[in-house]
Amino acid sequence: MNQFDLVVFGASGYTGQFVAEEVARHAVGSLTWAVAGRSAAKLEAVLAEASKHVGRDVSDEAGIIIADVEDQASLEQMCSVASVLLSCVGPYKFYGAPVIEACIAKKCHYVDICGEPEVLENFEEKYHTAAEKAGIHIVQSCGFDSIPADLGMQFTIQKFPGFITQAESFHLGNNPDGFALHSGTWKSLVHGLPDIGQLRKKAAGGAALQWQGPKLKPRPPMFKLAESGCWAIPFPGSDTDVVRRSQRARQDAGEHPVQYGCYLHQPSCIVAFLTLLWGVFIYLFTRTGWGTRFAENHPSLMSLGGFSEAGSTREQLEVSSFSTTFYAKGFTDKSMVSPNAKPDARVVTRVSGPECGYIGCSILMVQCALCLNRGDLPNRGGVLTPAVAFHGTDLIPEIEKAGVKFTVVETS
């Protein structure tokens with residue numbers, strides 16, 4: 001029996017604070033938890049801040065664990081007393097592997113909020129067999145990257161009125177008082193951009209997925225979506241990669257994979273164009289070591305204010321929200337499916353909730369951790385996507401109870 005059900009590693013970071021508060025909201029009854037990091041004083045401050053937001057003093061109920069990502073012995077000691085570790089220490093490209101290795105060594109389940117596609121691919125390849133042998137679940141991308149996309153796709157497949165063949169999702173953020181992502185998120189972004197080319201080569205080299213029905217046509221770099229009247233551009237996060245891996249698992253299990261595309265709503269044609277232009281500039285700028293270092297050290301300048309050392313204020317986050325809308329097509333009967341046939345069935349679904357980067361992200365991550373802690377999972381473990389790890393569990397209903405909704409908008 002582990003001393004703690006949940007341990008939040010990196011709790012004194014910007015995102016870690018929100019995750020610790022969300023754990024505290026659910027730490028009722030017999031659930032035990034702790035915060036972990038390098039500084040006891042900072043961890044005590046995290047618990048004091050959490051107490052203000054959850055309406056009770058949590059300083060005495062939560063443990064404090066000293067652990068450093070550069071001290072493997074301390075990581076293994078932390079994992080030896082935890083049932084599930086929630087890692088908020090990024091970029092995961094630099095700090096993910098030692099933590100996962102400690103979890104495998106001490107048979108501790110693991111969740112993170114990694115949105116770095118190359119890291120996700122590499123860790124699955126490197127650690128899946130060892131994690132499966134240890135009987136533990138390593139489940140990455142348990143935040144906004146990529147629960148709305150991956151579980152939203154799973155929900156859409158379940159609700160489709162017939163045989164689904166393709167789906168596209170569109171993220172939309174509503175930030176009426178302004179918004180700035182934290183510089184920690186920016187670091188993960190700029191260090192992940194140089195890996196895009198390698199990721200594309202790896203994806204192209206894998207075994208082909210056996211798509212059903214007409215091919216999902218690639219969208220142009222920017223376009224106006226007929227269904228919403230909004231402009232959209234490709235979403236630069238890990239969603240496409242994570243969903244593709246989940247669909248590969250569906251195929252391996254004897255089910256047909258569903259084609260998928262992921263996009264980001266933009267308020268206007270001009271904003272869409274400027275965002276694309278900025279994205280190309282940042283991608284080219286970070287292709288050198290010097291450019292990556294400069295961009296990392298100047299988040300506000302390089303992101304035109306979209307990222308900052310301080311991040312958004314609590315007031316800004318509390319009035320913000322997000323939605324991810326899926327438009328899925330297929331056929332009312334499997335016998336009708338062919339590459340040249342026109343789909344005759346459609347469903348629109350939506351995942352929606354509070355601000356996505358930190359508040360919603362914390363809700364999603366903690367619910368994934370609680371699901372792992374409850375057990376009764378449909379597989380033996382390994383490095384798995386959320387949709388694969390939690391297939392057939394009560395995770396979606398529990399996420400809904402926590403404030404993120406999965407709904408069917410329209411069926412035809």
Side-chain angles (χ1 to χ4, degrees), residues 141-174 211-214 216-217 219 223 225-230 232 234-235 237-247 249-250 255-266 321-334 337 343-356 360-361 363-364 367-368 371 385-412:
S141 302
C142 288
F144 182 68
D145 293 284
S146 294
I147 293 292
D150 205 28
L151 293 192
M153 183 68 155
Q154 183 183 73
F155 177 80
T156 302
I157 292 170
Q158 292 170 348
K159 299 299 182 180
F160 194 83
F163 190 90
I164 183 173
T165 60
Q166 58 183 248
E168 294 176 305
S169 69
F170 294 83
H171 294 307
L172 175 64
N174 178 33
W211 305 123
Q212 302 289 313
L216 178 62
K217 296 178 181 179
R219 299 275 194 171
F223 60 95
L225 181 65
E227 289 87 345
S228 67
C230 294
F235 181 65
S238 61
D239 289 357
T240 301
D241 177 68
V242 171
V243 173
R244 178 180 56 80
R245 288 167 54 209
S246 294
Q247 296 311 302
R250 271 179 60 86
E255 300 180 272
H256 75 284
V258 180
Q259 301 173 77
Y260 175 70
C262 184
Y263 302 93
L264 183 65
H265 268 308
Q266 298 291 285
S321 61
F322 85 92
S323 68
T324 300
T325 302
F326 288 77
Y327 299 93
K329 297 178 181 179
F331 298 84
T332 52
D333 191 275
K334 184 178 179 181
V337 178
D344 69 339
R346 176 176 178 268
V347 71
V348 180
T349 63
R350 183 168 294 143
V351 182
S352 58
E355 182 278 325
C356 64
C361 175
I363 290 172
L364 298 170
Q367 287 304 319
C368 289
C371 190
T385 65
V388 175
F390 301 116
H391 180 71
T393 69
D394 62 350
L395 178 57
I396 289 180
E398 291 300 317
I399 288 175
E400 291 197 287
K401 292 178 186 177
V404 176
K405 303 301 180 183
F406 291 70
T407 56
V408 175
V409 179
E410 178 187 335
T411 302
S412 60

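When all heavy atoms of Ala387 and Asp150 are compared, the closest pair comes out as N-OD2, 2.8 Å. Between Ser323 and Arg350 the shortest heavy-atom distance is CB-CD, 4.0 Å. The two residues Leu395 and Gln367 come nearest to each other via the heavy atoms CD1-O, 3.4 Å. Here the closest non-hydrogen pair linking Cys371 and Asp394 is SG-OD1, 4.1 Å. Pairing each heavy atom of Pro148 with each of Val351, the nearest pair is O-CG2, 3.9 Å. Residue Pro386 comes nearest to Ile147 through the heavy atom pair CB-CD1, 3.5 Å, listed as atom of the first residue, atom of the second, then distance.
Distance check: Phe406 CZ to Lys159 NZ gives 11.5 Å after rounding to the nearest 0.5 Å. Separation of atoms CG (Asp145) and SG (Cys356) is listed at 9.0 Å; rounding is to 0.5 Å. Rounded to the nearest 0.5 Å, atoms CZ (Arg250) and NE2 (His391) are 8.0 Å apart. Interatomic distance, SG of Cys230 versus CG of Leu264, reported as 11.0 Å (0.5 Å rounding). From Ile363, atom CD1 reaches atom CD1 of Ile399 across 9.5 Å, with rounding to the nearest 0.5 Å. To the nearest 0.5 Å, atoms CG (Asp344) and OG (Ser412) are separated by 9.5 Å.
Results of the side-chain hydrogen bond (donor to acceptor under 3.5 Å, both in side chains) test with Ser146 over Asp239, Asp241, Thr240, Thr385 single out Asp239 as the only residue that passes. The ring pair (Phe, Tyr, Trp, His ring centres under 6.0 Å) test with Tyr263 singles out one residue from Phe326, Phe235, Phe223, and that residue is Phe223.
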Open item on the list: Evaluate Leu151 against Ile396 for side chain to side chain contact (heavy atoms under 4.5 Å, CB included), listing each step before the verdict.
Closed with: CA-CA 8 Å; Leu151 293 192; Ile396 289 180; 4.2 Å; yes
- [ ] Could you walk me through whether His265 and Leu225 pass side chain to side chain contact (heavy atoms under 4.5 Å, CB included), step by step?
- [x] CA-CA 9 Å; His265 268 308; Leu225 181 65; 4.0 Å; yes
Task: Stepwise side chain to side chain contact (heavy atoms under 4.5 Å, CB included) test for Ile157 and Val258 - done: CA-CA 8 Å; Ile157 292 170; Val258 180; 3.9 Å; yes
- [ ] I would like to know whether Phe322 and Val404 meet side chain to side chain contact (heavy atoms under 4.5 Å, CB included); could you show each step before the answer?
- [x] CA-CA 10 Å; Phe322 85 92; Val404 176; 4.2 Å; yes
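With contacts defined as side-chain heavy-atom distances shorter than 4.5 Å, the pair Arg346/Tyr327 qualifies. No side-chain heavy atom of Phe170 sits under 4.5 Å from any side-chain heavy atom of Glu227. The closest side-chain heavy-atom distance from Gln247 to Tyr260 is not below 4.5 Å. Residues Val243 and Cys262 are not in side-chain contact: their nearest non-hydrogen atoms beyond the backbone lie 4.5 Å or more apart.
A donor-acceptor contact closer than 3.5 angstrom is absent between the side chains of Ser169 and Thr324.
A tilted orientation is assigned to the rings of His171 and Phe144, their planes being inclined by 30° to 60°.
Between the Gln259 side chain and the Pro214 main chain, a donor and an acceptor come within less than 3.5 Å of each other.
For Lys334, the NZ atom is loosely surrounded, since the number of other residues' heavy atoms within 6.0 Å does not exceed 12.
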